[in-house]
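Structure first, commentary second.
Every value quoted in this text rests on a predicted model; they were computed, and no experiment measured them. Every chain is numbered from 1 and lettered A, B, ... according to where its sequence line falls, protein lines coming before strand lines.
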Protein chains: 2
Amino acid sequence: MVDSLEQKTQGNHVRTQAELADAVGLSQVTVQRALANHPSVRDATRRRVEEAVRKYGYRPNAAARMMRTRKSKQIGVMFRNALDRPLTNLSAFEVLLGVNQELEKAGYLVNVVRIADVDAEATDAIEARVFREQLLDGIIAVGQFPESIVEKVEDLLPHVVWVESQVWRPRNCIRRDEVYHGHLVTNKLIEAGFKRLVWVGRVREKSHHFSEDDRYLGVCQAAHEHGLAVEHFDLPVDLHGEPIDIKTLEKFVTPGTGLITYDSVRAREISFLSHVIGRRIGADIGMVSCENTYIDATSWPGLSCVHADRFEMGVEAAKLIGAAMSDEDAPCVSKLIRGEWRAGYTCGALSVDGEGGASCIPPNCGLLSS
Amino acid sequence: MVDSLEQKTQGNHVRTQAELADAVGLSQVTVQRALANHPSVRDATRRRVEEAVRKYGYRPNAAARMMRTRKSKQIGVMFRNALDRPLTNLSAFEVLLGVNQELEKAGYLVNVVRIADVDAEATDAIEARVFREQLLDGIIAVGQFPESIVEKVEDLLPHVVWVESQVWRPRNCIRRDEVYHGHLVTNKLIEAGFKRLVWVGRVREKSHHFSEDDRYLGVCQAAHEHGLAVEHFDLPVDLHGEPIDIKTLEKFVTPGTGLITYDSVRAREISFLSHVIGRRIGADIGMVSCENTYIDATSWPGLSCVHADRFEMGVEAAKLIGAAMSDEDAPCVSKLIRGEWRAGYTCGALSVDGEGGASCIPPNCGLLSS
DNA sequence: TTGTAGGCGTTATCAA
DNA sequence: TTGATAACGCCTACAA
């Protein structure tokens, strides 16, 4: 008897509450209650247990608790990651970090649910283990998904929150207010004096993201309110895209024009290509972006844009699902998130005499000091 | 009796093997063996079971299996994410995707382990649930960590693989061959005819990443082999950095100079700032980057650089830890990964007469078509 | 305030 | 080839 007890306490680590109980001379149940901060446990007893936990390095077995409580305390963050869609990755990652930050407070772990689908049906994408088994308490889906996946996910998981997705309902959804963003940046261009407005992005194409429609809509609304028209063209945004026609570029990236880019990738390319054709953005050519990434905000503070923090969106999504999981009757009202305007210097006031063109970067923009 | 059975089969879903067994008139154990592809189960029986699985939507309970097998089939991907270190995030994410792709084949799930430490000790960073509890079968640590965390992680988890970390041992580590990369890009500049070499990055500062030393070392080696010297300066790489001195820029970003940037962030800034001071990279000024990201490879194919695929590093890390988990005696030899040279057009051949400066972007570089 | 008994759903070891 | 039985570690009634 004594031997076996000593053996257990000799090994410097202890794996179960029962072993811990042996070590301190209590029953397993008392140990359990001490660890759960049950009020019925005497303070002295609790301290004995806590000390033993440290001494023997006891760590609770997550599997056992999961089984007993029928809750895994794990939620998934789901996103698509065909390798030709890297931008999806980035925004999803920022969301993921926000989700993680918020949910870890409540003791939740985050699992990565990568949907590497190619075709729209992607019937086997859903065959990943998280879906085949009972494991996750809920899932946060970031981006767009085929309807077949939407249905299946909602069927298999008790709680689902949709972020930046085509799924948009009164409850359990998070989106940016894209129409507002398009409207906002366009107004800024107009305020700066630009009368010729050009949308740089896709217009009415198939299989695109809803934000393309919404931002363009906001742009057109703002222009319409000022009696202005909106022209448009687009750039290739990946390695496999067509090269941009230089004449198109010269036609649109021209003094007096205000460019509204769909995203910061296009803004980057415009900035780069405009130098190639000998034009400079920031004074007689204006440019605003409807969106940027955290990386862009860091490495290119000069971009005039709306900054909608995806980390923050992750936090909001986590709050929604957290509320749903801790209270079945939580309202979980969907949320539209409005980003904030970042002035930057690519949307400077239009200098009518064209003087600005020579030195379009303000000396105090933060990039340079003399 | 019959009633209760019918009740169970009426509800269109079944939660346990026992319920499934009831539904098909077998014992729970036989169902279990059929699902595990045990050879002792008759084919007809197996088919009955498989059909019932589909019919009743049975999904195994991960917690129960975890408890019984003492394996969670979950591994963590750990990285630091203080909010002022976004670049760490990006590379970690690419690694994470690779890890996920490789490990999901073997049925492993990936958990996010974000270390949001501020100070070097970060004693409570380790207090996240993954460390407090017994859950993960192993962890893949991406980036650098304080020694206190290194020790604790290795103490708490049976399998640890270090990726791009200061931890470098004969086993269980993955790194890029940074010295080789520095050497490689420098040779390319020298081949192109540049004789004045300038390193853009940190040199011998505290609390930096080992790759800074290694790349710089490779650069200096290559230069030394050709009897050349290496000058250096650095740029601010985040919002809180000091603004770059414009005289410094004019001193180094000048015809005949070959710039070697530590990473693509610096390359981007150089590219941008060089336009501001009226210089252009690509002909009489050369620039090569020791590193780029997947995003950069996509959106800036023109950058002359070494491309070391972090996704691939994730795959390699996953293979290491996968081998260790399936076979305790696996060698798990550490691996140095060499990236491939991407020619781009920022390291064009030096034109001695200075002609190249006017139109340094080759017309067929893929960005433009006339 | 503490202890005893039973079960969560799976897997492993028996026996049939 | 199949079935009964006993763990795995934790949590909740109920009893002391």
With a 4.0 Å cut-off on heavy atoms, is Thr16(A) in touch with a base, just the backbone sugar-phosphate, or nothing at all? sugar-phosphate

Okay, side chain of Thr69(A), backbone of Arg65(A): is any donor-acceptor separation there less than 3.5 Å? yes

Answer yes or no: are there more than 12 heavy-atom neighbours, outside Gln166(B) itself, under 6.0 Å from its atom CD? yes

Closest to the Gln17(A) side chain: dC11(D), dT2(C), dT10(C)? dC11(D)

Sorted by number, the residues of residues 24-31 of chain B with heavy-atom contact under 4.0 Å to DNA chain C: Gln28(B), Val29(B)

Charged N to carboxylate O under 4.0 angstrom, Glu102(A) versus Arg114(B)? no

All N/O donor-acceptor pairs, side-chain side in residues 319-328 of chain B, below 3.5 Å, sequence neighbours left out:
from	atom 1	to	atom 2	distance (Å)
Ser326(B)	OG	Gly322(B)	O	3.2
Ser326(B)	OG	Ala323(B)	O	3.4
Asp327(B)	OD1	Asp329(B)	N	2.9

What are the residues of residues 44-52 of chain B, sorted by number, that bring a heavy atom to within less than 4.0 Å of DNA chain D? Thr45(B)

Tell me whether Arg171(B) contacts the main-chain N or O of Pro331(B) through its side chain, where contact means a donor paired with an acceptor under 3.5 Å. yes

Who pairs with Asn37(B) by side-chain contact (heavy atoms from CB on, under 4.5 Å), at least two apart in sequence or on another chain? Arg46(B)

Check: Arg68(B) side chain, dA7(D) base, donor-acceptor under 3.5 Å: yes

Please name all residues satisfying side-chain hydrogen bond (donor to acceptor under 3.5 Å, both in side chains) with Arg54(A), sequence neighbours left out, ordered by chain then number. none

Among dG3(D), dC8(C), dC10(D), which nucleotide has an atom closest to any side-chain atom of Arg33(B)? dG3(D)

Could you list the donor-acceptor pairs under 3.5 angstrom formed by side chains in residues 134-143 of chain B, with sequence neighbours left out?
from	atom 1	to	atom 2	distance (Å)
Gln134(B)	NE2	Arg15(A)	O	3.2
Gln134(B)	NE2	Arg59(A)	O	2.5
Asp137(B)	OD1	Ser72(B)	N	3.0
Asp137(B)	OD1	Ser72(B)	OG	3.2
Asp137(B)	OD2	Ser72(B)	N	3.3
Asp137(B)	OD2	Lys73(B)	N	2.7

Taking dT10(C), dC11(D), dC14(D) as options, the one with an atom nearest any side-chain atom of Thr69(A) is dC11(D)

